[in-house]
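Comments concern the structure below.
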Amino acid sequence: MAKACNQMINFGNAALIAEAMHLAARQGLDPRILPTALAGGFADSGLLRHIGLMMATGTVSGNTLMTMKDMEIALELGCASGISKSWQQLRMA
């Protein structure tokens, strides 16, 4: 359970980091400076520092199938625990 929750949090954060990188690029900013620009603020995180530059340079690698499996486990546990329907719909995204 802890691993599934960890993966769910990390995957969600990674998705938001990717969106921030994309937003920066669309606004004409160099996304490679985003981790440094956000350092020390509330958006700063180990995950941002770890994968932010890799995302900005296109060098991210990994196994998303493992992450999706862990997310599915967490969502199934949530459904069994009575988590709201809106949370269950994340599975469809």
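Here the structure is a predicted model, which is why all the values come from computation and not from measurement.
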Residue pairs passing the side-chain hydrogen bond (donor to acceptor under 3.5 Å, both in side chains) test where at least one lies in residues 33-43, sequence neighbours excluded
none

Rounding to 0.5 Å, atoms CZ (F11) and CG (L16) come to a distance of 10.5 Å

Running the 4.5 Å side-chain criterion over Ile, Leu, Val, Met, Phe, Trp and Tyr, what cluster does L53 land in, apart from itself?
none

How about M55 and P35: do any of their side-chain heavy atoms sit closer than 4.5 Å?
no

Side chains of residues 22-32: which donor-acceptor pairs under 3.5 Å do they make with residues two or more places apart or in other chains?
| from | atom 1 | to | atom 2 | distance (Å) |
| --- | --- | --- | --- | --- |
| D30 | OD1 | R32 | N | 3.0 |
| D30 | OD1 | R32 | NE | 3.0 |
| D30 | OD2 | R32 | NE | 3.1 |
| D30 | OD2 | R32 | NH2 | 2.7 |

Residues that N13 engages under side chain to side chain donor-acceptor pair (under 3.5 Å), provided they are two or more places apart
none

Under the side chain to side chain contact (heavy atoms under 4.5 Å, CB included) test, residues paired with L38 that sit two or more places apart
L34, A43, L48

Do you reckon I33 sits in the same ILVMFWY cluster as M21, going by side-chain contacts under 4.5 Å, direct or chained?
no

I need the minimum non-hydrogen distance between I51 and V60, along with the two atoms involved.
O-CG2, 4.3 Å

Show every salt bridge (charged side-chain N to carboxylate O under 4.0 Å, His left out) that has at least one partner inside residues 40-52, sequence neighbours left out.
D44-R49

Enumerate the residue pairs fulfilling salt bridge (charged side-chain N to carboxylate O under 4.0 Å, His left out) with a member in residues 11-25, sequence neighbours excluded, ordered by first and then second residue.
none

